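Notes follow the structure.
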There are 2 protein chains.
Amino acid sequence: MIEMEEILNFQTVSRSLPQIDSIKKATGEAKYTVDIKLPRMLYAKVLLSPYAHAKILKVDKSEAERIPGVRAVMTFEDIPKVKFNAGAKFNHLTPLPDDEYILNDKARFVGDRIAAVAAESEEIAEGALKAIKVVYEELPAVFDVEEAMKDGAPKIHEDRENNIVAHISSDFGDVEKGFKEADLVLEDEFRMPGQQHLPMEPHACIADYSSDGSVTIWSSTQSPFQIRFMVARIMGIPQDKVRVIKPYVGGGFGGKEDMFDEPLAVVLSKRTGRPVKLEADRKRDLAAMSRRHPAVVRVKIGVKKDGTITALQLTTKMDAGAYCTSSPRICGAHGGRALAIYRLPNYKFDGYTVYTNTLPSRAFRGYGNPQMTFPVESMLDMAAEKLGISRMEIRLKNCMQAGDLNRLTGGVIESCGIKECIKRGAEAIGWNEDRPREIGRNKRRGMGMAMAAHWTSAVPRQTESAGAVIVFAEDGTANLLVGASDIGQGSDTVLSQIAAEELGMELKDVSITSADTKVTPWDAGTYSSKVTYLAGNTVRLAAADAKNKIIQKASKILGVHPEALVCKDKRVFVRTNPSVGLTFAELIEKLRQSGEPQIIGMGNYGGYSNPPTYVAHFAEVAVDTETGEVEVLRYVAAQDAGTVINPLLMEGQMEGGVQQGLGYALSERFVYDKKTGVILNQSLLDYSPLHSVDMPPLKTIIVQTYEPTGPFGAKGMAEGAFNPVAPTIASAIYDAVGVRIKSLPITPDKILAGLEKKEMR
Amino acid sequence: MIEMEEILNFQTVSRSLPQIDSIKKATGEAKYTVDIKLPRMLYAKVLLSPYAHAKILKVDKSEAERIPGVRAVMTFEDIPKVKFNAGAKFNHLTPLPDDEYILNDKARFVGDRIAAVAAESEEIAEGALKAIKVVYEELPAVFDVEEAMKDGAPKIHEDRENNIVAHISSDFGDVEKGFKEADLVLEDEFRMPGQQHLPMEPHACIADYSSDGSVTIWSSTQSPFQIRFMVARIMGIPQDKVRVIKPYVGGGFGGKEDMFDEPLAVVLSKRTGRPVKLEADRKRDLAAMSRRHPAVVRVKIGVKKDGTITALQLTTKMDAGAYCTSSPRICGAHGGRALAIYRLPNYKFDGYTVYTNTLPSRAFRGYGNPQMTFPVESMLDMAAEKLGISRMEIRLKNCMQAGDLNRLTGGVIESCGIKECIKRGAEAIGWNEDRPREIGRNKRRGMGMAMAAHWTSAVPRQTESAGAVIVFAEDGTANLLVGASDIGQGSDTVLSQIAAEELGMELKDVSITSADTKVTPWDAGTYSSKVTYLAGNTVRLAAADAKNKIIQKASKILGVHPEALVCKDKRVFVRTNPSVGLTFAELIEKLRQSGEPQIIGMGNYGGYSNPPTYVAHFAEVAVDTETGEVEVLRYVAAQDAGTVINPLLMEGQMEGGVQQGLGYALSERFVYDKKTGVILNQSLLDYSPLHSVDMPPLKTIIVQTYEPTGPFGAKGMAEGAFNPVAPTIASAIYDAVGVRIKSLPITPDKILAGLEKKEMR
C-alpha cells in the first residue's frame with residue numbers, strides 16, 4: 001500500500017524531464033575528453049601490430065626518437081612489467097588471468113599495442129610511428145573459436161596449456177530426466193558474430209603525471225574507479241594519488257567498461273613530464289579496440305505437447321579474442337544468469353571461452369544475453385511450430401511471474417510485467433490481425449516476436465555498490481556527489497531526480513558532480529544496467545539521511561514530533577499545519593548559529609537483490625524473395641522496468657536498443673581476411689550499422705510495475721532493450737518466407753540460400 | 001593527562017613537514033588563477049575613476065564597442081541593480097550596509113569601478129577603456145577621517161545622514177572609578193596609516209557563465225563560499241548553480257577575504273557567452289583595491305604605582321574609505337575583542353568608522369588589533385617610565401594567565417604561554433645584558449619589547465564553522481574534502497596532518513581537495529587565524545568518525561571489543577596483540593562483500609571557544625641621530641599557539657608577520673595628493689615594503705602549550721605574529737634616542753623632528 005501512495009505522489013520522479021545537461025550538449029559547451037586541451041599537452045599514437053600472431057625480434061626506435069617534436073618513444077622495454085587484465089573488476093568469484101601489458105612483448109592480433117610515441121602534434125606522432133623499425137617473426141595464427149580449441153592449434157599465450165581460457169558450467173534439476181519427460185526434443189546450433197560498440201565518442205584519455213608522484217587522468221570511461229585501481233597497481237602508487245575524472249562521455253555500451261590506453265598515457269606523461277592525450281581514431285576504435293563476443297551455441301530443448309519446457313541445455317563456445325578481459329564472466333552471465341525469462345525445471349550449461357588471434361572481446365550491452373536469447377527464442381519458435389501451438393502461447397506458458405524463484409539471488413521475483421508487455425505489444429503491432437502475406441512483387445510480409453529478461457546488476461557474482469554524499473548550500477539548494485558515471489544515458493539526471501524526489505525539492509535545486517575519484521564516493525562503474533537501481537538506491541539513502549537530519553533538527557527547533565514533519569519546496573513543516581515550519585535556508589542558518597554549520601547526507605549501499613527487467617518485442621517485416629532483402633515495416637518494443645524514473649530517457653534507451661539490435665540482426669559484423677586475420681571492413685561505411693534513416697517506424701511501450709527493492713520502485717532496463725531484437729526479426733522472416741536463419745547477421749545471401757534450399761526440398 | 005599522552009605519541013602532528021604541494025609550487029606546476037587559460041577566454045579590464053568624488057553625467061561607449069576584438073562594454077546601465085557589501089559575512093550581529101554595485105553609478109574614490117570591457121586580448125581591452133567617454137561632474141571630496149566626521153563635510157553616500165558608518169561602543173566595569181583609583185592617568189593620541197596587503201599574486205578571477213544558467217568562477221580568494229553566496233544573490237540564481245573554485249592562491253593577508261571583481265566577470269561572461277578573465281595589475285591591486293584601516297586612536301590609561309592597570313579607555317576613528325565592507329566589525333574587533341592580553345578591571349571603548357573619498361579599507365592581518373596594540377603598548381611604556389618600573393615588569397604585572405576569564409566567550413583562558421614567551425624572548429635578545437648605548441658615530445642602540453594576543457576566530461560575534469568529508473579508497477588511502485581555503489599558508493598540509501594523525505596514517509596516504517563550492521563541504525572562509533583551529537577540529541571530527549566506523553566494523557569482524565582496537569599504518573588491530581587485525585584494504589574489501597562499500601567520515605563543526613595566541617616580541621635597533629634612520633639589529637619573536645601542528649609552517653608565519661610588521665612600523669604608507677586624492681606612490685618601489693634583504697637577523701621561538709579545545713591542542717597564530725611589531729620597534733627607538741613616535745610609519749623625518757624638539761626642551 002505504501003508503494004502505491006508513493007507512486008501517486010511523485011513530483012520529480014516518473015516525469016519525462018530533459019537531461020539536465022541537454023542545453024550544454026546542444027550548444028557544444030559540454031566538454032568531452034576529446035575536447036580537452038591542456039597547456040603543454042602532447043599527443044600520443046600507438047603502433048599497432050600488422051600481424052595477427054608474431055614474435056617481436058627487434059625494435060629500433062632511434063630514428064623515431066630523432067624526429068623533431070617527438071618527446072618519447074616507448075616499447076615493451078620501457079614500461080612497468082606488470083601484467084594485468086583490463087576487465088578486472090572488484091570483488092569477484094570468477095578470477096580472471098592477467099595476460100597483457102601496457103605494450104605487449106608479442107603480437108597476438110592485428111592491432112595489438114607494440115609501441116607508442118608522444119609528440120608535439122598528432123601528425124608528428126603518426127610520422128614517428130612509421131619510423132619505428134620492428135622486426136617480426138610471423139607465427140601461425142588461429143581465427144576461429146572451434147579451430148583454436150583443437151589440439152595442436154597455435155598457442156596464443158605461451159604460459160598457458162592451451163587456448164581455452166575457462167570452462168564454466170552450471171546446472172539445476174536433471175536435464176536428462178527433463179528430456180525424457182518431453183514430448184518433443186529439439187537440438188540445433190546457432191552462430192553469432194562480433195559487434196562493435198560504436199559509441200559516438202571513440203576511446204580517449206589524457207594523463208597528467210605530476211612532479212609530486214600523483215597523476216590525473218581524464219578518460220572517456222564507464223568505470224573511473226576501476227581505472228584508479230588498475231593504474232595504481234600498474235604504476236605502484238597509492239590510490240589516493242590517482243585521480244580519474246570522467247568528463248562528458250559520448251556513449252559506451254560496455255566498450256568503455258574496461259581500461260584501455262590509460263596507463264600507457266600515464267607512462268608517457270611520466271616520461272615526458274607533460275600531459276599526454278591518447279585518442280583512438282575511428283579506425284582503431286572500430287577494428288582494434290573491442291567487440292561483442294562471437295559465439296557458437298548449441299541448444300537442446302525438451303517441450304511437452306502443451307508447450308511446457310521440461311529441460312534446456314546450452315553448450316557455448318565464446319571467442320575471447322587475443323586477451324581475456326572479462327570473458328569468463330560474460331560467458332557465465334550468458335549461461336547462468338541470462339535465464340530470468342522462463343521457468344525451467346531442468347537446466348544445464350557448459351561454456352568455453354577461448355583465445356583466438358582476433359581483437360579482444362569485451363563487455364557489450366547484453367553481456368552474453370543476446371548470444372543466449374537468439375538461439376533459445378528461435379528454438380521456441382521451432383518447437384511451437386512442431387507442436388502446432390502459437391509462438392505467443394508457448395511463451396505465455398513458460399514465462400516467469402511475480403512470486404517465482406529468482407534463481408540468481410535465491411529470493412523471489414517481486415515485479416514482473418512480461419504478460420502485460422506481450423499483451424500491449426501484440427495489440428500495438430496488430431498480432432492477431434489478418435493481413436495479406438503478399439505485398440507487391442516478390443515481397444512477403446511476416447510478423448515476429450521474442451522475449452527476454454535482463455538482470456539489474458552483476459550481483460551476487462560480483463558485489464555491486466555505490467556511494468553518494470549530498471551537501472546543502474545556505475539557500476537550501478544542494479550539491480550531490482555521486483561515484484556513478486553518466487556516459488550519455490542520463491544517469492546524472494535520473495540520480496538528481498531521485499534525490500530531489502526524496503527531499504521534496506525541484507530538480508533545479510539539486511546539482512550533481514559525478515565520477516571523479518578524488519571528490520566523489522566510490523562506485524563500481526556504469527555497467528550491468530544498474531546505475532538507476534543501485535546508485536539510485538544509494539542516492540535515495542543519502543537524501544533520506546539528509547532529510548532525516550533536517551526533520552530531526554527542525555523537530556527540536558519547532559517543538560513538534562519528527563513524524564509530524566514533512567519536506568517540500570525546500571521547506572520542512574507540519575503536515576497538518578503547513579504554516580508551522582522552516583525553510584531549509586532558515587533551518588541551516590539556525591543550525592549554523594548553534595554550531596552545526598551544515599546538512600550533509602550520506603549513502604553507502606551494496607545491493608544484493610537483482611530484479612530483472614522484462615521485454616517483449618514485435619516486428620513486421622517484408623522479405624524480398626528475389627533479392628533476399630529484409631525491410632522492417634514496423635517495430636514494437638514493450639518493456640517493464642518498474643517505476644520509470646524518467647520515461648523520456650527510458651524511451652531513448654529503448655529506441656537505441658532496437659537500433660543497435662537491428663544492426664546485430666541484419667547488418668553488423670567483422671569481415672576478416674581468412675589468411676591474415678586483417679579486418680577488411682574498417683570503416684563505418686563498410687561495417688554498416690543502422691543509421692537513423694534506416695530505422696523502421698518504432699513504437700515503444702513502457703509497462704510500469706513496482707519493484708520494492710528499487711528506488712521508488714525502479715529497476716534497470718538499458719541492456720534489456722537490446723536482447724530480443726535479433727530473434728524477433730528472425731521470427732518475422734521465418735513467418736514471411738519460411739526460412740529459418742541460425743546465424744547472425746541475417747544477410748540477403750543467407751535468405752536467398754535458404755529460399756533456394758527450400759525450393760530444392 | 002590524556003592530553004599529555006597525545007602530545008607524546010604524535011606521529012604526523014608537531015612535525016616540520018614541507019607543504020604537500022611544495023614540489024608543484026617549486027616546479028611551477030601549481031596553477032594559480034592568473035595561470036589559468038580557458039578555451040575562448042576573453043580578457044576584461046576595468047575603467048577606474050580618475051576623480052575622488054564625481055557625478056557621472058554621461059557615458060558614451062559606442063566608440064569602444066566598435067573596436068575590433070571588443071566583445072562587451074558595460075557600465076552601471078548594464079549591470080544587475082543589486083547593492084551589496086563586499087565584506088558581508090554569514091551570520092553576524094553587526095549588520096553592514098549594502099553600499100556598492102558591480103559598477104558604480106558615482107565615483108567615490110580614485111579607482112572606483114565605472115565601466116568594464118571584455119575583449120580578445122588584454123591590450124584590446126586596455127585600448128577600449130580609453131575609448132569610453134565619461135563626462136564627470138567633480139564634487140568636493142574629503143580624504144581625512146576627522147574632516148569627514150564634521151558637519152557639512154561632503155556626503156559620500158547620498159542616502160545616508162552623514163559619513164559615519166557606525167559608532168560601536170563596548171565597556172565593562174567603570175572607567176571613571178578606575179581612573180580615580182589610579183596613581184597615574186595618561187592620555188594620548190596615536191595615528192596609524194593604511195597598509196597594502198601586497199600578496200605575491202594580485203587579485204584575479206575568471207567567470208564562465210553557462211548556457212544552462214549556472215556559472216563557474218575561479219578566484220584568488222580566501223572565501224569561496226562567500227563569493228558563492230553573494231554572486232547567487234546579485235545574479236538571482238540558486239547557490240547550487242554557482243561553483244566557486246579556489247585554485248592555488250599566492251597569499252591574501254585579509255585582502256582576499258572580501259569579494260572583488262567576481263560578479264563583474266560573471267556579468268561580462270553572461271553577456272558574451274564566453275569565459276572572462278579579470279586580473280588586477282599590480283598598480284590597481286596596490287592603489288585601488290583595499291588597505292588596512294587608517295586610524296586615529298585616543299588612549300586613556302589609569303595605573304597604580306605598582307604598575308597595575310585600573311582602567312583603559314579607547315576612542316577610535318577608523319577610516320573606512322569609500323565603501324564600508326566589514327569596517328564596523330573590524331572596528332568592533334579593534335575595540336572589543338583585541339584585548340585578550342591584559343587583565344583589565346575597567347574598560348570603555350568608542351569606535352567610529354567613517355566614509356572618506358579614499359580607497360576602501362578592508363580586513364587585513366590583525367583585523368583592528370595592530371591599531372590597538374601600537375597605542376596601548378606605547379602607553380604602557382610611557383606609564384612604566386613615569387612610575388619608574390621596567391617595561392617588562394608592567395607587562396608581567398598585568399598580563400593574562402590560564403584560568404582567567406575569556407571576556408569574548410565568557411569561558412576561561414585554558415592555555416596561556418605569554419610569560420614563557422617573555423622569558424625566552426628576553427633571554428634570546430639579551431634583555432638584561434648591559435650593552436653600550438653608543439655604537440659608532442651618531443648611532444645609538446636601544447632595545448624594545450611589546451606583547452599582543454590574538455583570538456583564534458571571529459566567534460562569538462560571528463559563527464565560525466567548517467565541514468569536512470573523508471572517503472577511503474580501496475587500498476586504505478583516503479581522500480579528504482575540506483571547505484577551507486589554503487591561500488599559501490599551508491592549511492592543506494596542516495589539515496592533512498591532522499587527518500593522518502587521527503587515523504594513524506602517514507601524511508602521504510591522505511590526499512586533500514579543498515575549497516571548491518561544488519564538491520567540498522561549506523566553510524566560512526580563511527580569516528581570523530582560524531583554519532588550523534576550526535577546520536582542524538572539523539577534519540579531526542571527520543577522521544574520528546571514519547576511525548570509529550573502521551573500529552566498529554572491525555570489532556564485529558574480528559570479534560573483539562571496539563575499545564581494544566587501535567588504528568596505525570592503514571591497519572586496525574588489537575592494541576595488546578597487534579597480529580590480530582585487518583589492513584584498511586582488507587576491511588574495506590570485507591565490507592564491500594557484505595554490502596557496505598565504503599568508509600566515509602564526516603565532520604560538521606561550529607566553534608564557540610576562542611582561545612587567544614600569545615606573542616612577545618623583542619627588538620634591538622640602532623638609530624642614526626644625524627639621518628633619523630633606524631636599523632633593526634636583531635629581532636626575536638616568541639609565540640604560543642598551543643600544539644604546533646607544523647612548526648616549519650608556523651615559523652614561516654612568524655617570519656612573514658615580522659616582515660610585514662616592520663614595513664608597517666617603518667616604511668609602508670600611502671602618499672596622497674591632498675588636493676585630488678590621487679595616491680602618489682603606486683609602485684612597489686615607491687610604496688617600499690621590506691624586501692628580504694632588508695630583514696634583520698630574526699629568531700623565532702615557539703612556546704608550546706596545550707589548548708584543550710583545539711585539534712591535538714592547537715590554536716590559531718598567523719595574525720598574532722604581526723600585531724606587536726610596530727610598538728616593539730617604537731619601544732626600542734625610544735630606548736635608543738628618547739623619542740616617542742606616536743604615528744606610523746616611523747620615518748626618519750619624524751625621528752629627526754623628535755630629536756630636534758627634544759634638544760629644544
Side-chain angles (χ1 to χ4, degrees), chain A residues 20-21 23-24 26-27 29 35 37 39 90-91 210-212 214 225 228-229 232 238-241 243 463 465-467 469 471-479 481 508-511 513 516-524 589 591-598 600 602 604-608, chain B residues 20-21 23-24 26-27 29 35 37 39 90-91 210-212 214 225 228-229 232 238-241 243 463 465-467 469 471-479 481 508-511 513 516-524 589 591-598 600 602 604-608:
Chain A
I20 50 174
D21 36 29
I23 293 176
K24 283 194 177 180
T27 57
E29 218 180 292
D35 298 321
K37 208 179 150 179
F90 315 101
N91 323 315
S210 164
S211 54
D212 69 2
S214 67
F225 287 88
R228 176 176 78 173
F229 170 82
Q239 289 183 26
D240 68 312
K241 297 290 178 280
R243 179 179 194 171
T463 52
S465 46
V469 168
V471 183
F472 277 77
E474 305 95 89
D475 64 353
T477 58
N479 284 305
L481 303 177
K508 72 173 174 53
D509 290 326
V510 178
S511 286
T513 301
D516 175 341
T517 67
K518 188 138 188 253
V519 301
T520 64
W522 189 86
D523 185 279
E589 178 64 23
L591 290 178
R592 189 177 298 162
Q593 300 287 2
S594 64
E596 203 169 2
Q598 48 212 315
I600 305 180
M602 204 187 85
N604 188 11
Y605 179 77
Y608 188 79
Chain B
I20 50 174
D21 36 29
I23 293 176
K24 283 194 177 181
T27 57
E29 217 181 292
D35 298 321
K37 207 181 151 178
F90 315 103
N91 324 314
S210 164
S211 54
D212 69 2
S214 66
F225 287 88
R228 176 175 77 174
F229 170 82
Q239 289 183 25
D240 68 312
K241 297 290 178 281
R243 178 180 196 172
T463 52
S465 46
V469 168
V471 183
F472 277 77
E474 304 96 271
D475 65 353
T477 58
N479 284 306
L481 302 176
K508 71 171 176 53
D509 290 326
V510 178
S511 286
T513 301
D516 174 342
T517 67
K518 190 141 187 252
V519 301
T520 65
W522 189 84
D523 185 278
E589 177 65 25
L591 290 177
R592 188 177 298 161
Q593 300 286 3
S594 64
E596 202 169 1
Q598 47 212 313
I600 305 179
M602 204 185 84
N604 188 12
Y605 178 77
Y608 188 78

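A, B, ... follow the sequence lines: proteins, then strands. Residue 1 opens every chain. Because the structure is a prediction, the values reported are computed rather than measured.
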Report task. Could you walk me through whether Lys24(A) and Ser214(B) pass side chain to side chain contact (heavy atoms under 4.5 Å, CB included), step by step? Result -> CA-CA 11 Å; Lys24(A) 283 194 177 180; Ser214(B) 66; 4.2 Å; yes
Report task. Just give me the residue among Gly606(A), Pro597(A), Gly595(A) that pairs up with chain B most often, heavy atom to heavy atom, under 4.5 Å. Result -> Pro597(A)
Query raised in the report: Hey, does the side chain of Asp475(B) reach the backbone of Gln239(A) with a donor-acceptor pair shorter than 3.5 angstrom?
Result: yes
Query raised in the report: At a heavy-atom separation under 4.5 Å, does Ala466(B) approach chain A through its side chain, its backbone, both, or neither?
Result: backbone
Query raised in the report: Does any N or O in the side chain of Ser511(B) come within less than 3.5 Å of the main-chain N or O of Asp240(A), such that one atom is a donor and the other an acceptor?
Result: yes
Requested in this report: Answer with side chain, backbone, both or neither: which region of Arg228(B) has an atom nearer than 4.5 Å to a non-hydrogen atom of chain A?
Outcome: side chain
Query raised in the report: Do you know which of Thr27(A), Ile20(A), Asp509(A) has the most heavy-atom pairs with chain B at a distance under 4.5 angstrom?
Result: Asp509(A)
Report task. Measure distances from Gln598(B) to the heavy atoms of chain A and classify the residue's part below 4.5 Å as side chain, backbone, both or neither. Result -> both
Query raised in the report: Can you say whether Tyr605(B) sits under 4.5 Å from chain A via the side chain, the backbone, both, or neither, judging by heavy atoms?
Result: backbone
Query raised in the report: Top residue by heavy-atom pair count (under 4.5 Å) with chain B, among Thr520(A), Val510(A), Asp516(A)?
Result: Val510(A)
Query raised in the report: Pick from Ser210(A), Ser594(A), Ala478(A), Ala26(A): which one has the most heavy-atom pairs with chain B under 4.5 Å?
Result: Ser210(A)
Requested in this report: Measure the shortest side-chain to side-chain distance between Val519(A) and Arg243(A) over non-hydrogen atoms and say whether it is less than 4.5 angstrom.
Outcome: yes
Requested in this report: Tell me, for Leu481(B) versus chain A, whether the close heavy atoms (under 4.5 Å) come from the side chain, the backbone, both or neither.
Outcome: side chain
Query raised in the report: Looking at Ile23(A), Asp21(A), Asn479(A), Val469(A), which has the largest count of heavy-atom pairs under 4.5 Å with chain B?
Result: Asn479(A)
Report task. Provide the closest heavy-atom pair for Phe225(B) versus Glu474(A) in the form atom of the first, atom of the second, distance. Result -> O-OE1, 4.0 Å
Report summary line: Counting heavy-atom pairs under 4.5 Å with chain B, the top scorer among Val471(A), Ile600(A), Leu591(A) is Ile600(A)
